[in-house]
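See below for the structure under consideration.
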Amino acid sequence: MIPAAFEYARASSVDEASKLLNKFGEDAKVLAGGHSLIPLMRLRLAQPAALVDINGIKDLDQIKESGGKLHVGALARHVAIHGSSVVNEKLPLLAEIAGEVGDNQVRNMGTMGGVIAHADAAGDYPTLALMLDADVVTNRRTIPARDFFKDLFTTALGPDEIVTEVVFPVANGPHKYVKFRRRLFDWAIVGVAAQKMNGGWRIGLTNVGPTPVRATAVEKALHDGAKAEEAAQHASDGLDPAGDLRASPEYKKHLARVLTKRAVLQASGQAEGKQ
Amino acid sequence: MAVTQLVGAKIHRREDPRLITGHGHYIDDFTRTGTAYAAFVRSPLAHARVKSIDVTDASKAPGVVGVYTARDFKGQLAGTHPAAPAFVAEKKYVPERFPIAEKEVCYQGEIVAAVLAETKGQAADAANMIQVDYDELPAVMDLEKALDAKSPKAHEGAADNVCWDLAYTGPEVTEAAFKEADVVVKQRILQNRLAPVPMEPRGVMAEYETYDKKLTIWMSSQNPHFIRLFVSGSMGLKESQVRVISPDVGGGFGSKISPYPEDYLVPALSRMTERPVKWIETRTESIQNATHGRGQFYEVEVAAKKDGTLLGMRMTQYLDVGAYAGTFSAFQACACLMAGGAYKWKGISARTIGILTNRVPTDPYRGAGRPEATHLVERMVDLVADELKMDPVEVRRKNFIQPNEFPYTQSFGLVVDSGDYEKALDRALEMAGYQDLRRKQADMRKQGRYLGIGISTWIELCGFGPSAATAPATGGIALVESAQVRVTPTGSVIVYTGTHSHGQGHETTFGQIVADQLGVPLENIELRHGDTAEGTAFGYGTYGSRSLAVGGVAVSKAVGKVIDKGKKLAAHMLEAAEEDVVFEHGSFHVKGSPDKSKAFGEVAFASYGMSLPQGMEQGLEAVAYFDPPNLVWPFGAHIAVVEVDPETGHVELQKYVAVDDCGNIINPMIVDGQLHGGVAQSIAQALYEEVVYDDETGQLKTGTLLDYNIPGIGEIPAMDLDHTVTPSPTNDLGVKGIGEAGTIAATASVINAVVDALSPLGIKHVDMPASPDRLWKMIKEARN
Ligand SMILES: Cc1cc2nc3c(=O)[nH]c(=O)nc-3n(C[C@H](O)[C@H](O)[C@H](O)COP(=O)(O)OP(=O)(O)OC[C@H]3O[C@@H](n4cnc5c(N)ncnc54)[C@H](O)[C@@H]3O)c2cc1C
């Protein structure tokens with residue numbers, strides 16, 4: 001629980017951060033909220049040679065609507081996203097999800113960029129980014145979410161590349177995120193997001209594989225007029241989740257189906273909220 | 001009128017302003033000049049031979065003071081880990097245990113090397129550089145397989161894996177009962193292994209003064225005097241040369257009672273290096289190494305008559321001792337002696353088997369044996385009710401020991417001092433709205449919803465304990481309690497106790513007792529505990545809900561002696577006969593003439609002066625020991641209401657009602673606080689927590705709080721609490737312990753509720769933790 005020694009530098013601009021990452025080399029890491037990175041360092045599962053702290057970079061935490069899209073800065077904390085009037089108006093599903101990440105401490109520190117870059121299979125924002133075709137913007141380029149999440153904890157980011165913002169489409173129709181977990185502050189055992197958009201449904205699944213999953217078969221079935229119960233049966237099509245202490249692969253697949261049904265029914269106001 | 005303003009009053013805890021504003025003093029708040037930091041290298045394997053240890057790189061690492069292996073401690077420490085007789089006097093096999101392994105490691109986490117460095121970080125870095133070459137051996141993990149003669153052994157070369165095997169009573173005592181039976185119900189009941197996870201992990205700092213040959217140990221302990229006894233013995237020091245200071249302690253739950261390897265190694269390192277040495281346990285070390293609780297299973301059979309009368313019980317406890325016998329591990333066998341619960345039986349046949357495995361040792365964990373007993377008997381009573389299609393409330397009522405039958409000698413000869421079980425149950429049923437709940441349940445079932453109501457009418461024994469019972473159980477030292485009360489010339493009072501609060505609020509409750517008895521304000525009373533250099537010669541620690549029922553009574557007795565001396569002196573000052581002096585409201589006066597009086601403060605001051613009665617020595621202080629004539633027997637009735645989501649297996653705990661009886665109540669707020677914490681911890685066992693090791697390799701899979709599921713406030717419902725008051729006849733205060741009650745009671749009510757919810761599916765038993773994945777699987781199988 002005592003991390004290995006590391007260098008530390010604080011950047012005041014994205015440029016400077018990128019230069020510092022270059023200077024320290026491959027083993028350097030960006031430090032944002034620290035709520036994923038520091039625990040790994042304490043367990044010595046991560047031993048970066050240097051940390052480049054981006055918390056001092058001005059304006060990286062901005063949340064705004066521009067060009068008909070919702071821009072969420074990499075340093076926007078969960079608590080800010082949850083409370084943001086722009087988010088609540090333009091993409092209320094994101095506000096809902098942000099309010100259910102971890103506990104108060106996590107929500108006060110953890111960031112949009114951190115969740116996206118960390119790419120934990122149980123991360124909640126990646127699911128939303130994928131299913132809504134969001135874009136991940138870095139200091140170099142714009143990467144569509146569908147090309148961003150490569151594998152467990154693995155993304156398209158280069159070693160000195162920094163996420164600056166995530167750009168979501170505006171969607172304020174019926175929506176619901178059903179997050180099944182043992183404890184209120186836990187990560188999802190399985191999570192399902194449903195968003196009505198452009199006349200169709202977008203359905204995303206959390207923690208049923210190494211990367212987030214878009215349940216296209218469910219979307220299609222709903223589009224073709226299937227009832228929520230029937231369409232949800234397709235939620236586990238093609239899934240091959242890993243089992244863990246909380247859930248067997250079988251149980252996760254079952255949850256994907258049950259929670260998909262609930263997400264769609266609750267989003268469309270046909271059922272009361274329960275996890 | 002007796003002065004009783006404080007006892008019974010809901011006053012705020014005196015320790016809270018300090019503790020909740022971060023001004024407490026925990027072990028890591030202490031550092032001595034020149035301190036070196038220790039880190040330990042622990043076996044990553046559950047069972048292995050240690051072939052070689054290469055310390056070359058570590059020795060040369062920055063800041064390293066020294067690297068040490070078993071050989072270095074051989075001349076420093078002697079003897080083996082103490083294993084008390086407890087409830088099993090005759091152990092079959094107690095493996096030798098030196099604080100640091102030399103040739104063989106027997107659980108993941110066992111220490112093989114120590115590093116001392118100038119900083120914590122350097123010590124941790126160097127520990128990572130030590131290369132240990134192991135030869136992996138098969139790990140013994142399954143309790144039943146471990147008993148097979150062909151099983152690998154938890155310790156190489158041992159004849160078997162049996163630490164103990166004792167039948168308290170044979171099958172013959174239940175033969176008649178089972179012959180008479182209309183129904184017999186059988187069940188295997190698991191007790192999941194639990195990690196205590198105190199908010200403050202353990203920690204030890206030691207400073208050996210070479211020239212004075214004095215050792216001071218600062219550590220987070222529930223039991224400082226016993227630690228002094230064990231460590232001085234192992235280090236070849238006299239008890240008087242060792243001082244153990246246990247400052248504010250951030251929780252223990254039993255895991256800070258027994259000595260640990262680090263308690264010996266850190267002082268030995270200080271003596272070797274002539275430097276203060278400090279070690280603070282990390283969270284993962286805590287989950288991996290602090291003694292675990294439970295880890296058992298039971299085979300139980302109960303015989304009953306058609307009308308619900310309980311006849312006999314046959315039970316065997318299979319207890320996972322872990323890799324070494326814990327100091328008080330055999331205490332957990334009291335689950336056998338308590339298996340009868342609140343009911344009358346013709347006979348109980350009980351056997352306990354302690355089994356060695358390659359897991360960390362188990363030892364008492366909040367409740368220790370009584371939660372297991374309660375869970376067992378309360379589950380079995382529900383199974384009988386289910387079999388006979390009776391209301392579980394009626395089966396309980398039919399079999400309760402009745403108020404007029406106390407003192408009641410139960411199946412194993414223990415004498416239950418007092419009780420009124422039906423009264424507590426009636427109150428709980430009323431608070432829960434039991435009949436309405438049953439109607440609601442029937443309605444919901446029609447809609448395919450699964451509501452469950454679970455009852456636990458628990459009893460326990462605590463307040464250890466009478467010398468006759470406890471001296472043989474510890475190997476000679478009776479668990480009585482002592483107190484010293486000293487009054488300063490200006491009338492302030494210092495109370496020393498041998499118990500040591502680690503969250504129980506003794507500064508408040510003991511203060512309330514003294515304040516009322518002496519008639520002095522609470523602010524004038526100071527409680528000192530946790531330092532072996534202060535107070536009486538020996539203290540016996542805080543566990544087994546004994547602090548108030550034994551220690552508090554000792555304090556009250558010592559105050560009584562102070563008052564007696566005060567009366568003599570006051571009589572002298574008032575020129576009255578001693579028999580004519582009364583002490584009331586903090587002043588001594590002559591019977592019938594209240595104006596002829598001396599305030600307590602005046603008498604205290606005079607006691608240090610020159611005009612004392614013939615033969616009286618100066619000062620106003622007293623020591624008292626209390627050796628209780630019996631244990632105390634709290635009880636209560638808990639009701640849990642749950643709804644199980646049949647699609648996901650999720651259990652929603654909707655309501656929790658508890659009516660408990662701990663005799664006279666000193667501070668209702670502290671009693672409720674103890675219950676809130678205890679019930680939460682028990683809900684945790686029922687629904688969330690379990691230490692999981694890999695069945696084959698013995699690797700710990702729940703080594704962080706991400707995987708070890710401690711529930712948070714979001715998982716624990718608001719509780720409806722009430723009390724009945726049946727004063728204990730065992731002590732003058734009429735009190736019984738309440739520290740473990742919640743933990744003892746709640747697993748049974750919660751699991752009974754879950755089973756009740758699922759009973760329409762034909763489910764008759766659910767093991768703990770009743771996690772959603774487990775329930776989903778059961779529901780699916782029941783429906784197929
Ligand atoms: C108890 C607990 C519960 C949690 N529950 C949830 C949950 O339910 N759902 C959920 O989604 N998350 C959960 N989290 C994770 C939390 O949201 C983290 O904060 C998040 O995953 C990482 O964000 P961070 O800002 O803390 O990043 P950090 O921990 O600082 O960094 C994480 C990783 O991302 C990299 N990184 C960070 N920012 C950038 C950037 N701008 N550009 C490039 N790389 C970057 C870092 O180098 C590092 O590798 C939980 C965490 C805890 C401790």
Side-chain angles (χ1 to χ4, degrees), chain A residues 1-6 35-36 38-45 47 100 102-106 120 122 178-192 229 232 241 243-263 265 271-275, chain B residues 37 39 61-63 117 119-125 127-129 201 280-287 643 645-652 684 687-694 701-716 769-777 779-780:
Chain A
M1 295 271 158
I2 299 165
F6 55 87
H35 268 53
S36 289
I38 305 272
L40 290 175
M41 289 170 66
R42 289 171 65 93
L43 292 166
R44 296 198 174 203
L45 293 172
Q47 302 200 10
E100 295 200 27
D103 54 21
N104 277 326
Q105 284 91 329
V106 175
D120 192 304
V178 183
K179 185 171 177 177
F180 189 79
R181 58 211 152 158
R182 297 279 300 272
R183 304 170 293 184
L184 219 48
F185 52 86
D186 266 332
W187 300 79
I189 294 175
V190 172
V192 177
E229 289 83 348
D244 55 35
L245 282 179
R246 278 156 220 233
S248 63
E250 266 310 293
Y251 183 51
K252 279 193 185 177
K253 286 199 270 186
H254 168 77
L255 284 177
R257 295 188 293 265
V258 172
L259 305 183
T260 298
K261 175 188 75 182
R262 290 184 182 179
L265 288 177
E272 272 175 51
K274 68 174 169 181
Q275 73 165 23
Chain B
Y37 293 84
T119 70
K120 266 204 277 205
Q122 289 169 334
D125 286 346
N128 272 346
M129 294 177 196
I280 301 292
E281 187 175 59
T282 67
R283 180 57 68 196
T284 291
E285 279 182 310
S286 170
I287 298 176
E643 185 176 357
D645 179 340
E647 273 188 321
T648 62
H650 173 76
V651 175
E652 189 193 353
L687 299 178
Y688 297 96
E689 294 181 23
E690 181 171 33
V691 175
V692 181
Y693 286 88
D694 184 277
K701 292 176 162 180
T702 50
T704 73
L705 293 181
L706 197 60
D707 301 311
Y708 188 74
N709 291 317
I710 295 187
I713 195 66
E715 286 65 55
I716 305 296
S771 56
D773 51 340
R774 171 176 268 164
L775 290 186
W776 170 70
K777 223 169 131 194
I779 293 166
K780 195 172 73 157

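Quick caveat: nothing in here was measured; it's all calculated off a predicted structure. Convention: sequence-line order gives letters A, B, ...; per-chain numbering from 1.
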- Item | Shortest non-hydrogen contact from A/Arg44 toward A/Ile2 | NE-O, 2.8 Å

- Pick from B/Ser771, B/Pro772, B/Gly121: which one has the most heavy-atom pairs with chain A under 4.5 Å? B/Pro772

- Note on the structure: Highest number of heavy-atom pairs under 4.5 Å with chain A among B/Val651, B/Val692, B/Asn128, B/Asp125 belongs to B/Asp125

- Task: First locate atom CD of A/Glu229, then atom CG of A/Leu265, and finally report the distance between them rounded to the nearest 0.5 Å.
- Result: 5.0 Å

- Tell me, for A/Arg246 versus chain B, whether the close heavy atoms (under 4.5 Å) come from the side chain, the backbone, both or neither. both

- Item | Contacts of B/Glu715 that satisfy side chain to side chain donor-acceptor pair (under 3.5 Å) - sequence neighbours left out | none

- Message: For B/Glu647 and A/Lys261: C-alpha separation, side-chain torsions, deciding distance, then whether side chain to side chain contact (heavy atoms under 4.5 Å, CB included) applies.
- Response: CA-CA 11 Å; B/Glu647 273 188 321; A/Lys261 175 188 75 182; 2.4 Å; yes

- Give, as side chain, backbone, both or neither, the part of A/Leu43 having an atom under 4.5 angstrom from any heavy atom of chain B. side chain

- Task: Look at the aromatic rings of A/Tyr251 and A/Phe180 and report parallel, tilted or perpendicular, splitting at 30° and 60°.
- Result: perpendicular

- Message: Taking every non-hydrogen pair under 4.5 Å, which of B/Ile713, B/Thr702, B/Leu706 racks up the most with chain A?
- Response: B/Leu706

- Under 4.5 Å heavy-atom distance to chain A, tell me which part of B/Leu687 shows up: side chain, backbone, both or neither. backbone

- Message: So which residue, B/Gly649, B/Ala124, B/Gly714, B/Pro711, ends up with the most heavy-atom pairs under 4.5 Å with chain A?
- Response: B/Ala124

- Given that the side chain runs from C-beta out, which part of A/Leu255 has a heavy atom under 4.5 Å from chain B: side chain, backbone, both or neither? side chain

- Item | Heavy-atom pair with the smallest gap, counting every atom of B/Pro201 and B/Ser286 | CB-CB, 4.2 Å

- Note on the structure: One should read off an interatomic distance between B/Asp707 CG and B/Glu690 CD, to the nearest 0.5 angstrom, of 12.5 Å

- At a heavy-atom separation under 4.5 Å, does B/Ile716 approach chain A through its side chain, its backbone, both, or neither? neither

